[in-house]
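Worksheet: the structure to be examined is printed underneath.
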Amino acid sequence: MIIVLKQNTEKEQLILFKAALEEKYNITVNTWVGVESTVLGLIGDTTQVDEDWINAQEIVESVKRVQEPYKKANRKFHPDNTVIELPTGQKIGDGSLCIMAGPCSVESEEQINFVAERVKAAGATFLRGGAFKPRTSPYSFQGLKSEGLDLLKGARKVTGLPIVTEIMSSAHIDMFEGVDIIQVGARNMQNFELLKQLGKIDKPILLKRGLANTIEEWIMSAEYIMAGGNNKVILCERGIRTYETATRNTLDLSAVPVVKKLSHLPVIVDPSHATGKSWLVEQMSLAAVAAGADGLMIEVHNDPKHALSDGAQSLTPDQFDEVARKVFALKKAYDEINR
Ligand code: PEP
Ligand code: MN
């Protein structure tokens with residue numbers, strides 16, 4: 001971190017400020033006194049240094065971070081890829097391609113069991129399905145809640161597929177006991193109290209990127225979970241809000257290699273919420289594999305036209321068969337050329 005001091009800074013003020021920084025943050029401060037201005041270089045772990053506090057000091061002209069504000073999620077401090085292994089044996093981030101597929105919302109026992117069997121047969125490695133739904137309108141279907149969780153657990157029993165489902169409140173954590181991966185949706189990416197509570201449990205967390213969040217903010221949210229002791233975080237790019245209206249969101253595929261450069265955490269892509277259109281899911285799934293994603297999350301519904309949520313972006317099981325076939329074929333070729 002570099003701090004530029006104001007031109008008229010007295011020597012006494014500089015000494016006091018330097019001592020305060022060193023004591024407050026347990027770092028070393030190097031000083032360069034120039035003709036025009038004085039510059040301080042903070043050496044050591046600056047993740048805890050509060051930029052606002054520094055900016056608030058009278059003698060400070062400007063502050064610039066030269067190191068990322070996150071540590072546990074930072075590849076610099078953890079060069080190897082994080083591989084998340086589930087008690088059921090599935091691995092995420094080990095070079096394989098995980099596919100989480102299933103309906104936006106769990107709607108009934110027949111629906112979830114049927115979709116689970118079909119996506120499993122096509123090669124999906126996880127069953128997704130929402131029980132608690134974050135809907136823009138309070139009048140839209142809000143999910144089957146605890147009954148939805150029970151139905152997911154039932155489908156897990158029938159198919160053996162581990163389940164991924166969204167949590168909306170830390171008050172519900174106990175209800176998610178039998179869930180294999182807990183999803184934090186885009187709207188809750190910066191629900192810091194929820195993230196802190198999820199940091200205390202020993203279960204993988206799928207952290208979706210917020211609707212209008214930068215990559216740094218997204219990784220900082222992963223850092224919240226990791227700071228609490230839970231290192232099992234999977235990041236999911238699901239499109240961000242831009243000026244474009246042709247698609248529901250804009251899929252930021254460059255986020256995949258960017259995040260992988262900055263962090264050691266696995267990154268997956270959700271082309272369903274990113275595009276909002278079922279006909280775009282195949283091409284964007286293939287593009288995500290080519291971008292180096294560790295997996296995909298795809299919405300699949302038995303009858304998209306009558307889905308209680310996100311029907312327009314949901315694939316039929318037959319369409320999913322085709323997407324999965326192409327995605328695995330591309331993954332094989334990808335591994336071959338990257339050997
Ligand atoms: C979902 O996965 O159904 C969902 C609501 O996703 P997002 O948080 O990305 O909108
Ligand atoms: Mn959805």
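Remember, it's 1-based here, ligands and their atoms both numbered in the order they're listed. Model, not experiment: these values are computed from the prediction.
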Problem set entry | Step-by-step salt bridge (charged side-chain N to carboxylate O under 4.0 Å, His left out) determination, Lys260 to Asp294 | CA-CA 10 Å; Lys260 285 184 153 286; Asp294 295 292; 2.9 Å; yes
Exercise. For Trp53, does the CH2 atom sit with more than 12 other heavy atoms under 6.0 Å from it, leaving out its own atoms?
Worked result: yes
For this session: Return yes or no for this condition: an N or O of Asp270 is under 3.5 Å from an N or O of ligand 1.
Result: no
Seminar exercise, completed: Of all the N, O or S atoms in Glu299, the one nearest to the Mn ion (ligand 2) is OE2
Problem set entry | ligand 1 contact by Cys104, heavy-atom criterion under 4.0 angstrom | yes
For this session: May I have all residue pairs that pass salt bridge (charged side-chain N to carboxylate O under 4.0 Å, His left out) and include part of residues 134-158, sequence neighbours excluded?
Result: Arg156-Asp180
Exercise. Is it true that Arg209 lies under 4.0 Å from ligand 1, counting heavy atoms only?
Worked result: no
Problem set entry | Pairs where residues 316-329 contributes a residue and the test side chain to side chain donor-acceptor pair (under 3.5 Å) is met, not counting sequence neighbours | Arg118-Asp318, Arg118-Asp321, Glu282-Lys326, Thr316-Gln319, Glu322-Arg325
Exercise. Side chains of Asp310 and His301: is there a donor and an acceptor less than 3.5 Å apart?
Worked result: no
For this session: Give the name of the N/O/S atom in Asp310 that lies closest to the Mn ion (ligand 2).
Result: OD2
Exercise. Taking it one step at a time, do Glu166 and Arg128 satisfy salt bridge (charged side-chain N to carboxylate O under 4.0 Å, His left out)?
Worked result: CA-CA 9 Å; Glu166 178 168 355; Arg128 69 142 283 148; over 6 Å; no
For this session: Output the list of atoms in ligand 1 that are nearer than 4.0 Å to some heavy atom of Glu166, sorted by atom number.
Result: 4 (C), 5 (C)
Problem set entry | Glu117 and Lys120 ion-paired at < 4.0 Å | no
Seminar exercise, completed: Note: ligand 1 atoms sitting under 4.0 Å from heavy atoms of Gly185 are 8 (O)
Problem set entry | Backbone or side-chain N or O of Asp310 under 3.5 Å from ligand 1 N or O | no
Exercise. Looking only at distance, does Arg128 have an N or O less than 3.5 Å from an N or O of ligand 1?
Worked result: yes
For this session: Give the residue and atom name of whichever protein heavy atom lies nearest to atom 9 (O) of ligand 1, and the separation in Å to one decimal.
Result: Arg238 NE, 2.6 Å
For this session: Could you find the nearest protein heavy atom to atom 8 (O) of ligand 1 and give me its residue, atom name and distance?
Result: Ala186 N, 2.7 Å
Seminar exercise, completed: In ligand 1, the atoms that come under 4.0 Å of a heavy atom of Glu299 are 3 (O)
Seminar exercise, completed: Numbered in order shown, the ligand 1 atoms found under 4.0 Å of a heavy atom of Lys133 are 1 (C), 3 (O)
For this session: Evaluate side chain to side chain donor-acceptor pair (under 3.5 Å) for Asp252 paired with Ser254, printing each intermediate quantity in order.
Result: CA-CA 6 Å; Asp252 180 10; Ser254 58; 2.8 Å; yes
Seminar exercise, completed: ligand 1 atoms nearer than 4.0 angstrom to some heavy atom of Lys208 are 1 (C), 2 (O), 4 (C), 6 (O), 7 (P), 8 (O), 9 (O)
Seminar exercise, completed: If we number the atoms of ligand 1 from 1 as shown, the ones under 4.0 Å from a heavy atom of Arg187 are 7 (P), 8 (O), 10 (O)
Exercise. Using 30° and 60° as the class limits, which term best fits the ring planes of Tyr224 and Phe192: parallel, tilted or perpendicular?
Worked result: parallel
